[in-house]
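Remarks on the structure that follows.
Protein chains get the first letters and strands the later ones, always in sequence-line order, with residue 1 at the start of each.
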Protein chains: 2
Amino acid sequence: MPTTIKDVAARADVSVATVSRVLNGVASVDPAMARRVRAAAKALGYEGNPVARSLRTQKSDLLALIISDIGNPFFTAVARGVEDVAQTAGYSVLLCNSDEDSQKESRYLDIARRSMVAGVLLSPNAGGSDVTALQRANIPVVAIDRALDESIDSVFVDSSEGARSATEHLLEQGWRRPGCITGPREADTAERRARGFREALTQSGTHPSDSLIRYADYRVAGGRAATAELLDSPTPPDAFFVANSEMVIGAIEEIRSRGMRIGHDIGLVGFDDTPWAPFVDPPLTVIDQPAYDIGAEATRMLLQRVNRASTDSSNQTSDLARTVLLRTSLIVRGSSLRRL
Amino acid sequence: MPTTIKDVAARADVSVATVSRVLNGVASVDPAMARRVRAAAKALGYEGNPVARSLRTQKSDLLALIISDIGNPFFTAVARGVEDVAQTAGYSVLLCNSDEDSQKESRYLDIARRSMVAGVLLSPNAGGSDVTALQRANIPVVAIDRALDESIDSVFVDSSEGARSATEHLLEQGWRRPGCITGPREADTAERRARGFREALTQSGTHPSDSLIRYADYRVAGGRAATAELLDSPTPPDAFFVANSEMVIGAIEEIRSRGMRIGHDIGLVGFDDTPWAPFVDPPLTVIDQPAYDIGAEATRMLLQRVNRASTDSSNQTSDLARTVLLRTSLIVRGSSLRRL
DNA sequence: TTGTAAGCGTTATCAC
DNA sequence: GTGATAACGCTTACAA
């Protein structure tokens with residue numbers, strides 16, 4: 001039986017209304033009384049009941065972060081950024097892993113809404129996510145990593161630029177026929193990365209044949225299968241740009257299993273830096289995303305909306321949605337170099 | 001304005017009490033009425049308000065999982081196991097990252113309690129965690145990865161056995177002077193792993209000098225510093241057993257920076273398998289923990305407590321705490337082999 | 001079997 | 001400036 005506001009009121013010999021006012025710093029109360037209240041609250045170790053408060057105010061100090069793959073270091077870095085900013089602003093983060101499963105995702109979206117979270121950060125499922133219920137409930141949403149729709153704030157990197165610079169780098173190193181393994185067709189990041197790949201090829205005067213591109217599932221196994229397919233094609237690529245850090249593991253597996261040597265017979269560039277990238281043999285060249293910053297920035301945007309939503313009772317959808325595009329960077333290591 | 005129980009009652013032309021009874025399947029109600037209620041609920045898309053329910057029942061269908069490092073693949077695998085079991089049982093998981101910071105941890109512990117979660121899964125902070133408030137509130141706790149205290153259910157692996165087999169393996173491979181880099185003194189896993197290391201040495205007839213053991217912080221940088229120290233000592237080790245997957249990255253960094261070759265000049269065994277362990281140069285030998293199973297099993301234990309706590313009103317601390325010890329396995333790859 | 005009503009712990013709207 | 005009190009949406013005695 002935790003201390004309630006009643007206990008505090010009784011001890012301070014004031015009404016519960018006054019206690020609430022003092023503790024929330026709303027309206028003005030007699031300084032002496034305020035002191036009594038604060039003393040009583042402290043003495044009793046009063047903490048307040050967030051559930052009751054939520055029921056009454058119809059909101060909480062919880063943020064939901066729904067990510068599509070908790071095993072992906074990119075998302076854990078995002079989560080850190082989110083958490084740091086949220087924490088500082090007095091919010092806590094409910095972290096949900098949808099595992100790229102749209103059923104799980106919509107379940108979590110439901111829970112978030114019904115639990116009256118203050119806002120939702122979402123890395124949308126490849127299939128596209130339905131956030132209309134959230135919008136109807138006036139709960140702000142910010143999309144992370146992938147775009148959602150025009151009415152939703154988003155934070156992500158310029159995927160096609162990243163892909164382009166990866167591919168250009170491969171060509172500069174003397175690889176003749178780069179291939180591309182990207183994510184599922186439904187994911188806009190996958191399309192953008194494929195597009196950047198094509199652009200680089202076109203710009204270099206090569207025709208970007210679709211036979212050099214494979215759409216996989218952003219998973220290790222999918223990456224491996226796609227690599228095998230490409231390698232088995234009549235005119236196999238001599239280098240790969242692989243669009244995330246899970247699939248690149250699969251690519252490495254497959255290449256190794258065929259006895260080919262990365263950095264000699266095959267060039268390789270991944271997407272997303274990881275702690276282990278420097279230690280694989282040879283060290284992995286990657287396109288790095290500022291994952292922490294993505295999380296932090298998205299949370300800042302979300303909290304802006306949250307605050308506006310509470311002040312202004314009007315529907316926030318009237319505001320224009322903002323999109324923040326962060327830059328990737330190329331980190332050159334051994335896997336993309338061409339040693340003969 | 002979501003549908004409330006009142007709306008359903010009005011539409012079905014019954015009292016709210018009846019609606020509640022039908023939807024919760026408690027007590028018996030007239031079948032015809034029940035049908036009407038269900039129809040109304042469906043028509044209105046009634047979902048129920050978990051916050052109101054929690055306030056009334058003083059519990060929720062949320063589980064809190066507080067882990068000490070979200071960047072560590074071991075914990076993300078644990079999280080997957082937790083989530084799968086929880087999901088199946090109709091619970092959702094609030095995932096919190098304490099980042100090995102006891103302030104953050106106790107903050108999350110507080111939030112969990114005050115949010116009336118049904119139970120808490122905790123990978124205790126190295127410094128030891130205070131869960132007495134949770135126990136007072138009758139919220140079951142299960143410790144993961146590290147032991148907490150005798151009154152708390154726990155699930156973890158036999159750390160000293162794992163460390164012993166790692167060290168024995170190193171000796172069998174012909175390394176003469178294995179060193180050990182373990183976690184912080186306050187973490188019982190760190191002590192246990194150091195103990196296993198010592199035992200293996202003793203058993204082989206060597207005296208396990210403390211100068212071969214370093215306590216670090218389970219982080220990359222700490223692992224690197226400890227490796228450097230050991231390597232700089234008057235009689236440096238020729239092999240390392242490193243007690244987690246973060247620190248082993250630091251160890252590899254340091255060894256490389258000195259131009260030493262793992263698997264030739266230096267042997268190496270890590271703790272925890274990771275997706276990239278097969279690809280570092282040379283592939284990393286590790287002690288593998290069944291992380292997913294740890295999460296799943298811990299959640300099963302927790303849910304047992306949760307159900308008992310709700311049925312039985314007596315204090316659950318009277319039951320004996322259970323400890324489940326899972327087994328590690330040695331995965332031999334190149335880093336522990338001794339090629340001359 | 002069903003309905004009425006009392007809470008759960010807050011906040012917010014009133015009168016005073 | 002302060003205190004009753006209604007309301008948030010639900011569950012659960014207790015009556016009927």
### Query
Is there a salt bridge (charged side-chain N to carboxylate O under 4.0 Å, His left out) between B:R322 and B:D153 once you walk through the steps?
CA-CA 5 Å; B:R322 289 202 307 149; B:D153 287 342; 5.5 Å; no
It should be established whether [X] places a side-chain nitrogen or oxygen under 4.0 Å from OP1 or OP2 of nucleotide [N].
X	N	answer
A:Q58	C:dT11	no
B:S20	D:dT11	yes
A:S28	D:dG1	yes
A:S15	D:dG3	yes

### Task
State, with a plain yes or no, whether a side-chain heavy atom of A:P140 is found less than 4.5 Å away from one of A:M301.
no
### Stepwise side-chain hydrogen bond (donor to acceptor under 3.5 Å, both in side chains) check, B:N97 with B:Y108
CA-CA 9 Å; B:N97 173 35; B:Y108 277 126; over 6 Å; no
### Query
Of the residues in residues 41-49 of chain B, which ones touch DNA chain D at a heavy-atom distance under 4.0 Å?
B:Y46, B:G48, B:N49
What is the distance from [atom1] of [X] to [atom2] of [N], rounded to the nearest Å?
X	N	atom1	atom2	value
B:K6	D:dC10	NZ	P	10 Å
A:M33	D:dG3	CE	C1'	9 Å
B:I5	D:dG9	CD1	C1'	8 Å
A:N24	C:dG9	CG	P	17 Å
B:M116	D:dC10	CE	C1'	13 Å
B:R21	C:dG3	CZ	C1'	7 Å
A:L55	C:dT11	CG	P	11 Å
A:R36	D:dG1	CZ	P	16 Å

### Query
Has the side chain of A:R114 got a donor or acceptor atom sitting under 3.5 Å from an opposite partner on the base of D:dG9?
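Answer is no: no donor-acceptor pair is held.
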### Message
Determine whether a donor-acceptor pair (one donor, one acceptor, N or O, separation below 3.5 Å) exists between the side chain of A:R56 and the base of D:dA7.
### Response
yes
### Task
Looking at every strand, decide which applies to B:T18 at a 4.0 Å heavy-atom threshold: base, sugar-phosphate, or nothing.
sugar-phosphate
### First encountered from the 5' end of DNA chain D, between B:P2 and A:D30
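Counting from the 5' end, the first nearest nucleotide belongs to A:D30.
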Flag for [Y]-[X]: side-chain donor and acceptor within less than 3.5 Å:
X	Y	answer
A:E47	A:T3	no
B:Y91	B:T299	no
A:S98	A:S68	no

## Note on the structure
Paired runs of 3 or more consecutive Watson-Crick or G-U pairs involving DNA chain C, with both pairing distances under 3.5 Å, are C:1-16 with D:1-16
### Message
Using the rule side chain to side chain contact (heavy atoms under 4.5 Å, CB included), only one of A:L95, A:V82, A:V155 pairs with A:L121; which is it?
### Response
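Of A:L95, A:V82, A:V155, side chain to side chain contact (heavy atoms under 4.5 Å, CB included) with A:L121 is met by A:V82 alone.
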#### Entry: Name of the residue among B:L134, B:I139, B:L65, B:V306 meeting side chain to side chain contact (heavy atoms under 4.5 Å, CB included) with B:V117
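For B:V117, the side chain to side chain contact (heavy atoms under 4.5 Å, CB included) check succeeds only for B:I139.
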### Task
Might you point out which heavy atoms bring B:A321 and B:R305 nearest each other, and give the distance in Å?
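Between these two residues, the closest heavy atoms are CA-NH2, 3.8 Å.
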### Task
Please report the shortest heavy-atom distance between A:R146 and A:P124, naming the atom on each side.
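Of all heavy-atom pairs spanning A:R146 and A:P124, the closest is NH1-O, 3.1 Å.
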